[in-house]
There are 2 protein chains.
Amino acid sequence: MKPIKISEAVVRRLPIYLRFLNELSLSNIQTVSSQELGEKLDLNPAQIRKDLAYFGEFGRKGVGYNVDYLIEKIRQILKLDKTMNVALVGTGNLGRALCNYNMYIKDNMKIVAVFDADTSKKGTLINRLTVQPMQELSDSVKRLDISVGIITVPAAEAQNVADQFVAAGIRGILNFAPVVLKATPGVRIHNADFTAELLSLAYYMDNINGSKEGDETQ
Amino acid sequence: MKPIKISEAVVRRLPIYLRFLNELSLSNIQTVSSQELGEKLDLNPAQIRKDLAYFGEFGRKGVGYNVDYLIEKIRQILKLDKTMNVALVGTGNLGRALCNYNMYIKDNMKIVAVFDADTSKKGTLINRLTVQPMQELSDSVKRLDISVGIITVPAAEAQNVADQFVAAGIRGILNFAPVVLKATPGVRIHNADFTAELLSLAYYMDNINGSKEGDETQ
DNA sequence: TAGATTGTTAATCGATTAACAATC
DNA sequence: TAGATTGTTAATCGATTAACAATC
């Protein structure tokens with residue numbers, strides 16, 4: 001009832017928790033404290049407790065969190081119980097790799113349709129999916145109940161693809177192209193921007209042990 | 001001289017600025033204001049001015065920023081003038097895609113060596129690079145002056161690979177595996193974690209227009 | 001009971017935004 | 001000169017951390 005706004009930072013940490021909890025569960029560990037989670041995930045224990053407390057009282061004082069129960073709860077929060085259908089546009093190296101991946105995405109999402117603007121690729125098979133031309137995108141999205149779009153086209157074409165996704169009624173986009181995309185407010189865009197990660201990595205690398213010498217910029 | 005600490009958030013925005021400036025430069029646009037940048041990049045103009053001002057006075061009051069000059073400056077800040085050599089471990093779909101990519105990485109980084117723990121892959125060619133066994137990693141890193149490592153192995157093996165990178169003297173790691181890695185303080189780790197992006201995307205997608213109904217968690 | 005650990009409030013820290021004098 | 005826009009300080013906002021009562 002109380003409409004407490006949950007910050008993005010919090011939501012972004014949930015998958016990190018979930019992953020590690022899954023590891024623990026596989027090792028048959030039944031209980032974990034915020035202290036232990038914090039150590040393993042490089043986070044402050046208080047932050048972890050606070051994050052989880054936004055969604056309910058999942059722990060037991062003096063004991064900690066039940067691993068499997070917490071997994072179940074986080075999966076509910078992230079809506080990983082229901083599967084979502086995904087369309088991917090752009091069958092370059094990265095796009096094809098993602099199609100073949102699929103195991104990772106399987107957690108709750110499944111690529112069910114693949115598109116490419118290059119009509120010469122029409123009909124090509126990628127991991128049992130037939131590459132379709134862009135003209136079929138809107139129809140397929142509706143017919144296959146696709147709610148998420150993945151963009152793996154060159155930067156220059158990404159906004160155009162995003163527009164087509166939005167027009168087709170998609171509600172979430174995972175964008176691998178190195179551009180800032182615009183969409184209507186109802187559509188959520190997440191960026192998987194490893195080129196930016198690589199560029200900013202260089203910034204931190206010249207200083208051997210954290211201190212800089214002779215750098216005019218600082 | 002004054003050792004002002006520049007926050008991560010600031011450094012992470014620099015590549016975003018750089019990209020858009022490159023677009024402007026290609027369109028022969030010579031000047032841009034923080035206002036225009038803000039509109040295109042969905043950022044507050046004051047934030048952009050503040051970010052840039054950490055590194056120097058790059059703009060002209062009443063005029064704006066000279067596009068090419070700003071590009072040059074940001075490239076200096078991010079150290080994109082010098083090329084860095086990169087090693088990649090894990091020649092699955094994603095690893096191979098990245099090797100074939102390379103154009104994007106070319107900005108300042110070049111994959112010069114590829115490794116895989118699977119010895120049956122030894123000698124395989126990927127985009128003109130020969131897959132090497134892990135035993136050769138340390139030697140190659142030193143011989144080829146490699147300073148960055150890319151990890152595209154399964155989660156379970158990622159920490160082991162990271163440890164080997166660190167032992168070999170690498171100073172920056174781009175990690176694609178869905179785990180939190182530990183490294184010694186001198187080594188910088190950036191995560192390219194699209195599976196986490198995908199998981200958190202689902203969270204935001206059930207609410208058609210931002211308001212939720214009947215959700216017990218909030 | 002004593003020890004441990006949560007959930008939560010309060011304190012701190014940091015980042016974003018607003019405002020405006022300086023100046024092109 | 002008038003209009004525009006920076007660089008920067010101050011105000012605001014939000015997120016992280018510390019602290020501790022509640023309680024298992």
Side-chain angles (χ1 to χ4, degrees), chain A residues 2-14 16-17 20-21 24 29-71 73-74 77 180 200 203 216-218, chain B residues 2-14 16-17 20-21 24 29-71 73-74 77 180 200 203 216-218:
Chain A
K2 39 171 183 157
I4 296 162
K5 173 82 179 331
I6 283 147
S7 89
E8 262 190 55
V10 173
V11 176
R12 281 173 188 284
R13 280 190 292 267
L14 295 179
I16 313 294
Y17 301 155
F20 183 65
L21 291 165
L24 291 180
I29 292 166
Q30 275 151 27
T31 303
V32 69
S33 68
S34 61
Q35 177 77 36
E36 296 168 279
L37 283 170
E39 272 163 31
K40 294 296 183 175
L41 302 176
D42 257 332
L43 294 171
N44 183 300
Q47 182 171 65
I48 295 176
R49 293 199 299 278
K50 204 161 192 286
D51 283 355
L52 297 173
Y54 282 116
F55 303 97
E57 304 202 358
F58 302 147
R60 267 179 77 197
K61 298 183 185 184
V63 180
Y65 298 91
N66 177 287
V67 171
D68 289 321
Y69 179 69
L70 192 52
I71 287 174
K73 282 298 176 185
I74 295 180
I77 296 163
V180 176
S200 59
Y203 174 84
E216 92 279 18
T217 61
Q218 37 178 343
Chain B
K2 38 168 187 162
I4 296 163
K5 173 83 179 330
I6 283 146
S7 90
E8 264 190 55
V10 173
V11 176
R12 281 173 188 285
R13 280 190 292 267
L14 295 180
I16 313 294
Y17 301 154
F20 183 65
L21 291 166
L24 292 180
I29 292 166
Q30 276 151 27
T31 303
V32 69
S33 69
S34 60
Q35 177 78 37
E36 295 167 280
L37 282 170
E39 272 163 30
K40 294 296 184 175
L41 302 176
D42 256 331
L43 294 170
N44 184 301
Q47 182 172 65
I48 295 176
R49 293 200 298 278
K50 203 161 192 285
D51 283 355
L52 297 174
Y54 282 116
F55 303 98
E57 304 202 357
F58 302 148
R60 268 180 77 197
K61 298 184 183 183
V63 180
Y65 298 91
N66 177 287
V67 171
D68 289 321
Y69 179 70
L70 192 51
I71 287 174
K73 283 298 175 185
I74 295 180
I77 295 163
V180 175
S200 59
Y203 174 84
E216 92 278 19
T217 61
Q218 37 179 340

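Convention: sequence-line order gives letters A, B, ...; per-chain numbering from 1.
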Nearest-angstrom distance from the residue atom CD1 of I48(B) to C1' of dT6(D): 13 Å
CG on L70(B) to OH on Y65(B), rounded to 0.5 Å: 7.5 Å
Nearest-Å distance for atom pair CD/C1', residues E57(A) and dT23(D): 11 Å
Phosphate OP1/OP2 of dG7(D) contacted by Y65(B) side-chain N/O (<4.0 Å): yes
Close side-chain approach of L37(A) to Y17(A), heavy-atom, < 4.5 Å: no
Short side-chain N/O contact to dT5(C) OP1/OP2 from S34(A), under 4.0 Å: no
Any side-chain heavy-atom pair of F20(B) and I16(B) under 4.5 Å: no
Residue met sooner reading DNA chain D from 5', once G62(A) and R60(B) are mapped to nucleotides: R60(B)
Side-chain heavy-atom pair Y54(B), V11(B) within 4.5 angstrom cut-off: no
Separation of K73(B) NZ from L52(B) CG (nearest 0.5 Å): 12.0 Å
L43(B) side, atom CG; I48(B) side, atom CD1 - distance, nearest 0.5 Å: 5.0 Å
Per-nucleotide protein contact string for nucleotides 10-21 of chain D (B base, S sugar-phosphate only, - none; heavy atom under 4.0 Å): -----SBBBB--
Spacing of CD belonging to Q35(B) relative to CG belonging to N44(B), to within rounding of 0.5 Å: 9.5 Å
Distance in angstrom units between Q35(B) CD and dA4(D) P, rounded: 12 Å
Basic-acidic side-chain contact under 4.0 Å: R12(A), E8(A): yes
For DNA chain D, the dot-bracket pattern of Watson-Crick and G-U pairs whose distances stay under 3.5 Å, | for other-strand partners: ..||||||||||||||||||||||
Integer-rounded Å distance: dG7(C) C1' and L37(A) CG: 15 Å
